[in-house]
Amino acid sequence: MDITNIMYLLAKYTSIIASSDTEDGAALIPLVLALSGVIFYAAMYSRYRNADKRFLYEKKTSATVANLIPTDNFLQKRKGLTNASLRGANHKRVEGALNRGSGSKLLEKVEKFTE
Amino acid sequence: MDTNKASQALPPQGEPVGAPPPPPPPSGAPHTHGGEVIPPPPGAAVPTPPVGAPATAPAGVPATAPAGAPATAPAGVPATAPAGAPDEAQEELYDSGILAPPSGEPIIYQDKRLKDGITKCPSCGSSDIQLNISTGMLRCNYCQREFNEESDGIDGDISQLFGLKMGSGTSDIAYDASDVVTLKCTGCGSEVVVDTKEAPQARCHWCRNVLSLHQQVPNGAVPDAIMPFRIPKEQAQKIIEEFVGKRRFFAHPRFKTEFCTQNIMGVYLPYMVIDVNAYADFRGEGERETRRYTVKVGKSTETRYDADAYQVGRAFDLYIDDLTLEASTDKLDQTSAVNSNNVINAILPYPLKETMRFNANYLRGFTSEKRSVNRDSLQGLAGAQVRDIARFQAWQQATFYDRGIRWTSEDVTIKGELWKTVYLPVWLYSYFEQKSNGQKFLHYVAVNACTGAVMGSVPIHKPKLLAISGIIQLVGTVLGVGLAALLLLGGY
C-alpha cells in the first residue's frame, strides 16, 4: 500500500467521523482542519482516478419483489444505547462487487476491529 | 448457484423450531399470516408501529412467520435446477414444490437464421453492409437501403422461469478451439480465413465479397445478441474531452501533452446477461429509534439512543432482470490498484431490452473482444450478486428499522435462470502510463455508446498534488490548533 492509499483511508475515516450524527460536532472541526491536507489529497485522488467507482448492481439492476411475507415480532425496548446504529447491522453488505476500491482489505480489517 | 446458509437463525416465536418447511404460496395468492388470511402487503410493507407507540406485537403473540418461509435448499444442494440429471436432493426440492423442474429446451439457439458466408442486402444483394450509427440500423453501402435485425427474443416472464436456460452463444468455450475459421466464399468458391480474434468477418481477396461468421463455433466469438452503437465517434470524443477537461489541473503534464481523442476505439465487449427467478428468506433482528437525547458525561455531553428491537423476517419471490457480468477474463479483474477496468464496469447499465440478434455486420468499423470465460466460472459471482440484490430488496421492504438490521440468516434459492451472451458497445480512450518507479498502468476513459455515461481514470501529477495538499495541511493545522485552544479555553 503506497502513501496514496494510506492518505485515502485516513481521509475516509476523518470524513466519516466529521459527518457523524452528533451534537458535539463542533469539537470535531479542529480535527477536520488538522487533516485538511489529507482530505484534500484523497478527494482529488478519488476525482481523478475514480478507483472506487463501480456499477451499483445491487441497487440499479431491475428487480421485482412479489409475494412478500413479512415478520415483525417485538422483542424488547432498549434504552441508553451509545451507538447511532444497530451494532453488527449488515443490511447494506455487498459481497459480489469486483471492485472494492482503494485499500479495501485494510478497510475491512479496520471495520471488523471497530465493530 | 450456491445458497448462503444461515449461520444461526433466531428462534421464531410461536413457530416450532425445525418444523418442516411448507411449500411457498402460489403466485398471486393471498399470504397467510399467523393462521389468518391477510391481503398482500402494501408496497412499503411497513407493518410496525409509529415511533414511540407501544409495541403492538408483544412477545408471545403467535409469530408472523411466513407460511412458506424456509424455502431453502438443504446444505450442499445446488440451489439451481441444472439441466440434465438432477440428483436426489434436487428431486426432493421438486417434490416439495420449492423448485419447479426444468421444462422445455434448455438451449435457445440463436444462430440458425443466418448462415456463414455472404450476408446479402435484401434489396440489391451487395455484401457491403454496416451499421449506420445515426439510425441504429444496418445500411447497405451500395444501395443505401437500411434494415435491422429482430430483437434477440431471449426473454420472457421471469416468474415462469424454472431450471436453467441459456442462449446457444453461452455454450462452453472449447479451449482447444481455434480462433481461425475457414469459410468457403459462396460468391467465387475460394476459401477465406477469418481470424475471430480480430473480427468475425473477412473480405474475400478474389471477389471482394464480405464473409461473416454467424454459426456459433465453440470459441466464444459469436454471442446471442448485440447492442449496436448509438453514439457516434464525434460525440464520444466530446464527452471524453469534457470529462478530462474537468480534471486537467492535477493531471500529469505528459498526459496533458499527449491527450488526443482522435484515437479512441469503438469496442464491443462481451457480457453475460442473466434473468433470475429466486426465492429469498431473510431473518434477523432490527432496531427502530424511539428517542435521542444528550447526557452529561464528566465535562462533555454525549448522545444516547432508545430503540425498540424486533425479530424481523422478509420472505419473498425475487425476479431479477438483466443482471450483467463481464465475460472476459481481462475485464473481470477489477483490482483498481493495478488496472482501471472498474471504470468500464461503472458505465453500466445498457438498455438491454433493445438488443438485437447477432449479425456480424454490426461489428464492421469497430473492434470486438471475444468471450473468454464460461458460465461455470461466473456462477459463483452471479450467486453473490443475486444475494446482494436480494439483501438490498429485503432492506427496501423493511426501512422501518431506521437503526438497521442484523440478518442472522440469509437464504436465497435460485428457482430458474436464463443466461445469454451479449456484445455491448463502448467508446474507449486508453493511456499507458509508465511511472517513474517503473510501474506500468493503463488508464481508461470509457463512454457507454448507448447512454453516453462516462467514467475514467486520469494520471495524476503527484508532486503537484502533494505540494498543494501540504500547503492546505499547514494552514489547516494552524487553524485547527488555534480553534482547539479556543474551545478548551472556553470550557467547551
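Only this structure's heavy atoms are used, side chains among them; waters, hydrogens and symmetry mates stay out.
The candidate from B:Val295, B:Leu479, B:Leu465 with the greatest count of non-hydrogen atom pairs under 4.5 Å with chain A is B:Leu465. For the set B:Ala390, B:Ser340, B:Gly456, the entry with the most heavy-atom pairs within less than 4.5 Å of chain A is B:Gly456. The choice from A:Lys59, A:Lys60, A:Lys92 that makes the most heavy-atom pairs within less than 4.5 Å of chain B is A:Lys59. Chain A forms the most heavy-atom pairs under 4.5 Å with one residue out of B:Ser457, B:Ala309, B:Gly480, B:Ala453, and that residue is B:Ala309.
To the nearest 0.5 Å, atom OG of residue A:Ser62 and atom CD1 of residue B:Ile158 are 7.0 Å apart. Here the straight-line distance linking atom OG1 of B:Thr477 with atom CG of A:Leu33 works out to 8.5 Å at 0.5 Å rounding. Here the CD1 atom belonging to B:Ile320 is positioned 10.5 Å from the OH atom belonging to A:Tyr57, to the nearest 0.5 angstrom. The CG atom of B:Asp388 sits 11.5 Å away from the CG atom of A:Leu56 when rounded to the nearest 0.5 Å. Distance check, rounded to the nearest 0.5 Å: CD1 of B:Ile389 to OG1 of A:Thr61 gives 4.0 Å. Going from atom CD1 of B:Ile468 over to atom CE of A:Met44 covers 10.0 Å, rounded to the nearest 0.5 Å.
B:Gln311 places no side-chain N or O within 3.5 Å of a backbone atom of A:Asn73 that could act as its donor or acceptor partner. Side-chain atoms of A:Arg47 do not come within 3.5 Å of backbone N or O of B:Arg247 as any donor-acceptor pair. Of the possible donor and acceptor atoms, none in the side chain of B:Gln385 sits under 3.5 Å from a partner among the backbone N and O of A:Ala97. Proximity of a side-chain donor or acceptor of B:Gln473 to a complementary backbone N or O of A:Val38 within less than 3.5 Å is detected. Listed for the A:Arg49 side chain is a donor-acceptor partner under 3.5 Å among the backbone atoms of B:Ser336. Checking side-chain atoms of A:Ser36 against main-chain N and O of B:Ile472 turns up a donor-acceptor pair under 3.5 Å. With hydrogens and angles ignored, the 3.5 Å screen pairs no side-chain donor or acceptor of B:Asn342 with any backbone N or O of A:Arg54.
Looking at every heavy atom in both residues, A:Tyr45 comes nearest to B:Ile460 through CD1-CD1, 3.4 Å. Taking all atoms of both residues into account, the shortest heavy-atom contact from A:Phe40 to B:Ser469 is CD2-OG, 3.5 Å. Closest approach of B:Gly404 and A:His91 over heavy atoms only: CA-CE1, 3.3 Å. The shortest heavy-atom contact between B:Asp306 and A:Lys79 is OD1-CA, 3.1 Å. Across B:Tyr305 and A:Thr82, no two heavy atoms sit closer than the pair CE1-O, 3.7 Å. The nearest pair of heavy atoms linking B:Phe250 to A:Tyr48 is N-OH, 2.9 Å.
By the ring-ring contact (aromatic ring centres under 6.0 Å, His included) test, B:Phe441 is found to be paired with B:His443, residues two or more places apart in sequence or in another chain being considered. For B:Glu287, the salt bridge (Lys or Arg N to Asp or Glu O under 4.0 Å) test picks out A:Arg78, B:Arg403, with sequence neighbours left out.
Proximity to chain A (any heavy atom under 4.5 Å) is restricted, for B:Asp322, to the backbone atoms N, CA, C and O. Interface residue B:Phe243: only side-chain heavy atoms are found under 4.5 Å from chain A. There is no contact between B:Ile344 and chain A, counting heavy-atom distances below 4.5 Å. Contact annotation for B:Trp395: only side-chain heavy atoms (C-beta onward) come within less than 4.5 Å of a heavy atom of chain A.
Donor-acceptor pairing under 3.5 Å is recorded for the side chains of B:Tyr401 and A:Asp72.
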Side chain to side chain contact (heavy atoms under 4.5 Å, CB included) between A:Val65 and B:Leu318, intermediate numbers included: CA-CA 5 Å; A:Val65 168; B:Leu318 180 65; 4.1 Å; yes

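Using a 4.5 Å heavy-atom threshold, the side chains of B:Arg314 and A:Leu68 count as touching. Using a 4.5 Å heavy-atom cutoff, the side chains of B:Arg391 and A:Glu58 are not in contact.
Other residues, nucleotides and ligands contribute only 12 or fewer heavy atoms inside 6.0 Å of the NZ atom of B:Lys246.
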